[in-house]
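Keep in mind that the numbers below use all heavy atoms, side chains included, and drop hydrogens, waters and symmetry copies. From a predicted model like this one, the values you see are computed outputs, not experimental measurements.
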Amino acid sequence: MTDGGEWRPSASRERLIERATLLARTRKFFAARGVLEVDTPLLVNAPVSDVHIHCASVQLAPAPATGAQPAAPPLRFLHASPEYAMKRLLAAGSGDIYQICHVVRGLESGRLHNPEFTLIEWYRLGFSLEALMDEVEALVRELLGEVSAQRASERISYRDAFARELGLDPFTAPAAELAKAAQPLGFAGAGTDRDVWLELLMGSLVGPRLGREAR
């Protein structure tokens, strides 16, 4: 709530209807392909292992004391992705599954999304990389509707994307060359290893240029 006491949400009724329609179309898309919708816990025991993703922690109420010392309240985390829980279901024989859920990433907030946002994650047994790319494109075109007919898709490898957009090979370029390519971002990062440079360049320079109209 603002200092002026404004309580109204930023989403209009029209936008809420649009969102609900997209979610319904997503569920219809997966149902037609025999993919089961699942729902896994938001609150988890451990944070994600990816060093570039940070989980928000949650302090639960103290457990009832059974002795002289009160029990320490357990620390839990809000999941950054349902990946681990969904893979447990896969290992237990769930078959093809998908989930639409809210996730939280502790140190992310910017122009593209808030720390909490909605994520769609799905898993297909026996699918090749090409088959998964086909399905991603089919889902995107389904959600875009009529406008998708005006858009051509492009498939490009990680290596070729770096070569085209930055003129370097991400597999062989030394860290000094990657650092030089990142100079327009104003990030010095002395001593930064190659993986961090590559993450920065992909997220800030290469990725945002993909899919643009030819100049």
Side-chain angles (χ1 to χ4, degrees), residues 44-57 75 77-88 90-91 98-99 101-141 143-144 148 151-215:
V44 295
N45 293 329
V48 66
S49 59
D50 190 322
V51 297
H52 298 291
I53 297 178
H54 304 271
C55 286
S57 60
L75 186 65
F77 302 88
L78 299 176
H79 71 173
S81 161
E83 175 186 354
Y84 297 162
M86 291 181 73
K87 286 181 175 177
R88 288 179 65 193
L90 289 169
Y98 82 99
Q99 183 168 183
C101 62
H102 282 224
V103 299
V104 179
R105 301 193 175 182
L107 297 182
E108 296 189 36
S109 182
R111 181 176 60 86
L112 297 180
H113 62 73
N114 292 321
E116 179 182 0
F117 56 96
T118 302
L119 181 145
I120 302 173
E121 185 150 343
W122 74 95
Y123 293 91
R124 297 288 244 146
L125 302 184
F127 264 42
S128 66
L129 178 60
E130 290 73 20
L132 284 172
M133 289 191 289
D134 288 340
E135 190 158 72
V136 171
E137 180 175 343
L139 175 60
V140 171
R141 290 189 178 279
L143 298 182
L144 285 176
S148 69
R151 303 284 183 173
S153 61
E154 177 188 32
R155 295 186 184 182
I156 184 171
S157 71
Y158 179 82
R159 190 175 208 167
D160 289 344
F162 267 83
R164 185 179 74 184
E165 302 300 338
L166 297 181
L168 57 81
D169 187 332
F171 298 155
T172 61
E177 188 175 351
L178 300 177
K180 183 178 179 180
Q183 283 180 352
L185 300 172
F187 181 72
T192 301
D193 64 33
R194 294 185 77 263
D195 288 341
V196 174
W197 284 122
L198 290 171
E199 288 279 350
L200 176 66
L201 292 172
M202 172 55 80
S204 300
L205 293 180
V206 179
R209 297 176 184 175
L210 300 179
R212 288 185 176 181
E213 298 290 340
R215 295 186 291 273

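- Side-chain contact between V206 and Y158 is absent, with no heavy atoms from C-beta onward closer than 4.5 Å.
- Checked against side-chain contact (heavy atoms from CB on, under 4.5 Å), A56 has the following partners two or more places apart in sequence or in another chain: L78, V104.
- Among all heavy-atom pairs drawn from I53 and A80, the shortest one is CG2-CB, 3.6 Å.
- Closest of all the heavy-atom pairs between K180 and P184 is O-CD, 4.1 Å.
- Here the side chain of R141 pairs a donor or acceptor atom with the backbone of R151 at under 3.5 angstrom.
- A distance of 10.0 Å separates OG of S153 from CE of M133, quoted to the nearest 0.5 Å.
- In this structure, the separation between CD1 on I156 and CD on E165 is 7.0 Å, given to the nearest 0.5 Å.
- Side-chain N or O atoms of R194 include one that pairs as donor or acceptor with a backbone N or O of P170 at under 3.5 Å.
- Taking OG of S81 as the start and CZ of R105 as the end, the distance is 6.5 Å to the nearest 0.5 Å.
- Between W197 and E177, the closest side-chain pair of non-hydrogen atoms is not below 4.5 Å.
- The NE2 atom of H102 lies 11.0 Å from the CG atom of N114; values are rounded to the nearest 0.5 Å.
- Proximity of P82 to V103: side-chain heavy atoms (C-beta onward) are separated by under 4.5 Å at one or more points.
- Taking the ring pair (Phe, Tyr, Trp, His ring centres under 6.0 Å) definition, one finds that Y98 meets it with F30, sequence neighbours left out.
- For the atom pair CG (L201) and CG (L178), the distance works out to 6.0 Å, reported to the nearest 0.5 Å.
- For Y84, the ring pair (Phe, Tyr, Trp, His ring centres under 6.0 Å) test picks out no residue, with sequence neighbours left out.
- Atom-to-atom distance recorded for S157:OG and R155:CZ is 13.5 Å, nearest 0.5 angstrom.
- Between F171 and L198 there is no side-chain heavy-atom pair separated by less than 4.5 Å.
- A search for side-chain contact (heavy atoms from CB on, under 4.5 Å) contacts involving V44 returns F77, H79, not counting sequence neighbours.
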Run the side-chain donor-acceptor check on residues 123-132: report pairs under 3.5 Å with partners two or more places apart or on a different chain.
from : atom 1 : to   : atom 2 : distance (Å)
Y123 : OH     : E121 : OE2    : 2.4
R124 : NE     : E135 : OE1    : 2.9
R124 : NE     : E135 : OE2    : 3.3
R124 : NH1    : D96  : OD2    : 2.8
R124 : NH2    : E135 : OE2    : 2.8
S128 : OG     : A131 : N      : 3.1

Task: Verdict with supporting geometry, M86 and W122, side-chain contact (heavy atoms from CB on, under 4.5 Å) - done: CA-CA 9 Å; M86 291 181 73; W122 74 95; 5.5 Å; no
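- Residue pairs meeting the salt bridge (Lys or Arg N to Asp or Glu O under 4.0 Å) criterion with at least one member in residues 166-176, sequence neighbours excluded: R159-D169.
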